[in-house]
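For reference, the structure is listed below as structure tokens.
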Amino acid sequence: MQTLDSSVAAAQLADRQAAAAASRAAHDSAPVAPPALASREPLVLRRSASWDAAALTRLAQLDGAPTPTGAMLVAELGDEIVAAVPFEGGRAIADPFRPTAAIVELLHARTRLLAGGAPAGRLQRLRPHLRMRIAA
């Protein structure tokens with residue numbers, strides 16, 4: 001026979017177990033930042049320079065890609081180049097041993113922006129009409 005105290009304790013234990021399960025489920029399904037972008041190391045995007053040739057060659061070998069030629073946009077995480085994308089378009093190279101998918105997407109977006117391939121915003125589309133109205 002159960003006493004009132006043991007019944008209350010069992011109910012409290014069941015409630016706490018349900019709350020813990022709900023908390024774990026919410027934590028597991030919460031969106032998580034990509035590890036490369038969540039790190040404390042600074043991420044720097046810049047144009048490749050002549051002194052980057054050795055690092056880009058090493059990165060291409062790690063990725064199983066041909067040695068890159070031409071101007072590249074590189075991503076440095078800390079003080080190491082972890083990904084690069086050619087400005088003229090083409091295959092990105094990235095460190096396969098680090099989570100770099102989000103960084104490569106960022107590099108592609110930045111090269112499109114620098115090439116003028118970014119979609120025009122509403123203000124940019126309206127600007128010619130605004131100039132004509134102001135002049136009139």
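All values below come from the heavy atoms of this structure, side chains included, with hydrogens, waters and symmetry mates left out.
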TODO: Among I103, L77, D63, L62, find the residue that satisfies the side-chain contact (heavy atoms from CB on, under 4.5 Å) test when tested with D95.
DONE: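 The passing option is L62.
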- [ ] Please name the residue in the list I93, V44, I81 that meets the side-chain contact (heavy atoms from CB on, under 4.5 Å) test with V74.
- [x]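 Output: one option passes, namely I81.
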Open item on the list: Quick check for you: to the nearest 0.5 Å, what is the distance between L107 atom CG and F87 atom CZ?
Closed with: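 Taking CG in L107 and CZ in F87, the distance rounds to 9.0 Å.
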- [ ] Give, for atom CG of L56 and atom OG1 of T69, the distance between the pair rounded to the nearest 0.5 Å.
- [x]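 Reported to 0.5 Å precision, the distance equals 11.0 Å.
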Please give me the minimum heavy-atom distance between [X] and [Y], naming the atom from each residue.
X    : Y   : answer
G70  : S48 : O-OG, 4.4 Å
P86  : R91 : CD-O, 3.4 Å
T100 : A94 : OG1-CB, 3.4 Å
H108 : A92 : NE2-CB, 3.9 Å

Do [X] and [Y] land in one hydrophobic cluster if side-chain heavy atoms of ILVMFWY residues count as linked below 4.5 Å?
X    : Y    : answer
V85  : L59  : no
M72  : L114 : no
V104 : V82  : no

Open item on the list: Consider salt bridge (Lys or Arg N to Asp or Glu O under 4.0 Å). Of R47, R58, R46, which one does D52 pass it with?
Closed with: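 For D52, the salt bridge (Lys or Arg N to Asp or Glu O under 4.0 Å) check succeeds only for R46.
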TODO: Tell me, yes or no, whether the heavy-atom count around D79 atom CG, taken from other residues, nucleotides or ligands under 6.0 Å, exceeds 12.
DONE: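 Counting neighbours around CG of D79, 12 or fewer heavy atoms of other residues, nucleotides or ligands fall under 6.0 Å, so no.
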Task: Over 12 non-hydrogen atoms of neighbours within 6.0 angstrom of CZ in R110 - done: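 Check fails, neighbour count at 12 or below.
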